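Source: prediction; values computed, not measured.
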Amino acid sequence: MRIDKYLSNMGFGSRKDVKVLLKSKAVEVNGEIVRDAKQHVDEVADLVTVAGEEVEYAEFIYLMMNKPPGVISATEDKYDETVIDLLGDGERHFEPFPVGRLDKDTEGLLLLTNDGKLAHELLSPKKHVAKTYYARIDGRVTEEDGEAFRKGVILDDGYQTKEAFLKIIQSGEESEIELTITEGKFHQVKRMFESVGKTVVYLKRLSMGSLQLDPDLELGEYRYLTEDELTGLKEKK
């Protein structure tokens, strides 16, 4: 890869900006100053430094976010704040996008990446990637509801959901539950409970495949996936 493309990809500005940087003698490859923008580098084997700081090349970015309510799962929007707006310049440079979506008022785990292949695998209906949600429900949730979800319920548009698994944490006038589904229809969890005569009043996604929401992430915070988390997603997708 040409050094100007390499540095531009890593956020050091446009090709024109990088040429200015090269002329300043700030860029070294394997300890040698590089001034020619056309010089090729091996992004894996070569050691590239800018002003003495090592540049670690990365083609893809993988972020875990604890999405806050009121923010939409999109790359841009004319009216509302998006999850991309919550990222820093260093992350936005990679042009990541949310893998799937969480409703505007739903909180919790959201994966952001620019790896289109992985995103496709995780979202493919054929892969049956499990997603687990915590919810508070207006109404008493029962084992009968759990049985209905296992068999598949009919949504308001006539669609019958695939097998889902309900865990009742607390049943009362307001119930607490966890629900695991393997598909992602629009407002699916809310519509599933509506089909059994109940209303979701709070919803939070806890996991997607092997990826678990980091409990240390505050609402609106994000972090890079660990190597183990990324490997788990790719192996179990």
Side-chain angles (χ1 to χ4, degrees), residues 58-69 71-77 80 82-84 86-87 91-135 146 148-167 177-195 200 203-214 217 222-237:
E59 182 179 3
F60 297 119
I61 189 173
Y62 305 92
L63 304 171
M64 173 195 299
M65 176 180 288
N66 187 0
K67 178 193 157 320
V71 177
I72 64 171
S73 302
T75 54
E76 59 182 354
D77 190 84
D80 292 306
T82 73
V83 292
I84 302 302
L86 300 179
L87 302 179
E91 288 78 33
R92 285 200 297 268
H93 167 75
F94 284 89
E95 299 183 347
F97 52 85
V99 179
R101 65 185 302 278
L102 290 178
D103 300 335
K104 183 176 178 180
D105 59 347
T106 299
E107 302 176 5
L109 175 66
L110 188 65
L111 174 65
L112 298 106
T113 184
N114 58 345
D115 185 342
K117 182 179 179 182
L118 177 62
H120 174 74
E121 293 285 346
L122 291 171
L123 295 175
S124 172
K126 297 179 181 179
K127 297 296 183 178
H128 306 297
V129 175
K131 295 172 280 289
T132 299
Y133 295 81
Y134 165 83
F149 290 163
R150 280 192 294 273
K151 292 179 179 178
V153 293
I154 306 297
L155 301 184
D156 48 16
D157 59 359
Y159 176 80
Q160 182 170 5
T161 60
K162 291 181 169 59
E163 184 179 33
F165 300 95
L166 177 68
K167 174 184 176 183
I177 63 94
E178 287 183 7
L179 182 66
T180 300
I181 61 177
T182 58
E183 49 191 344
K185 300 297 180 183
F186 182 68
H187 290 321
Q188 181 165 339
V189 174
K190 296 174 183 177
R191 292 164 68 201
M192 286 177 69
F193 275 99
E194 286 172 0
S195 76
V200 173
L203 188 61
K204 177 180 183 178
R205 184 156 67 189
L206 303 177
S207 67
M208 180 179 190
S210 61
L211 188 62
Q212 306 281 330
L213 178 63
D214 187 335
L217 281 180
Y222 63 91
R223 67 164 172 79
Y224 287 79
L225 295 194
T226 66
E227 288 188 15
D228 285 346
E229 287 170 337
L230 182 56
T231 298
L233 271 184
K234 291 183 174 181
E235 287 180 348
K236 299 176 183 178
K237 62 183 183 293

Hydrogens and angles aside, do Tyr159 and Glu183 bring a side-chain donor and acceptor to less than 3.5 Å of each other? yes
How about [X] and [Y]: do any of their side-chain heavy atoms sit closer than 4.5 Å?
X      : Y      : value
Glu178 : Leu206 : yes
Glu121 : Val99  : no
Thr182 : Lys127 : no
Leu225 : Leu211 : yes
Leu111 : Leu63  : no
Glu59  : Phe94  : no
Val71  : Asp80  : no
Val189 : Leu203 : yes

In plain terms, say whether [X] and [Y] are close enough for a salt bridge, that is, a side-chain N and a carboxylate O under 4.0 Å apart.
X      : Y      : value
Glu107 : Arg205 : no
Asp77  : Lys104 : no
Glu91  : Arg223 : no

Among residues at least two apart in sequence or on other chains, which ones pass side chain to side chain donor-acceptor pair (under 3.5 Å) with His187? Asp103
For Gln160, does the CD atom have more than 12 heavy-atom neighbours from other residues, nucleotides or ligands under 6.0 Å away? yes
Residue pair [X] / [Y]: nearest heavy atoms and the distance that separates them:
X      : Y      : result
Leu118 : Lys234 : CD1-CG, 4.2 Å
Leu123 : Met208 : CD2-CE, 4.2 Å
Val200 : Ala135 : CG1-CB, 4.4 Å
Pro96  : Ile84  : O-CD1, 3.3 Å
Gly100 : Ser73  : O-CB, 4.3 Å
Phe60  : Asn114 : CA-OD1, 3.2 Å

Gap separating the CG atom of Leu122 from the NZ atom of Lys131, nearest 0.5 angstrom: 8.5 Å
Calculate, to the nearest 0.5 Å, the distance between atoms OG and CG belonging to Ser195 and Asp156 respectively. 9.0 Å
Would you check if the side chain of [X] reaches a backbone N or O of [Y] as a donor-acceptor pair within less than 3.5 Å?
X      : Y      : answer
Lys67  : Thr106 : yes
Thr231 : Asp228 : no
Thr180 : Thr132 : no
Glu229 : Thr226 : yes

With side-chain hydrogen bond (donor to acceptor under 3.5 Å, both in side chains) as the criterion, how do Asn66 and Tyr222 come out once you've worked through the C-alpha distance, each side chain's angles and the decisive distance to 0.1 Å? CA-CA 6 Å; Asn66 187 0; Tyr222 63 91; over 6 Å; no
Residues two or more places apart in sequence or in another chain: which of them pass ring-ring contact (aromatic ring centres under 6.0 Å, His included) with Phe149? Phe193
Does the pair Arg191 and Asp157 meet the rule for a salt bridge (charged side-chain N to carboxylate O under 4.0 Å, His left out), with working shown? CA-CA 10 Å; Arg191 292 164 68 201; Asp157 59 359; 3.1 Å; yes
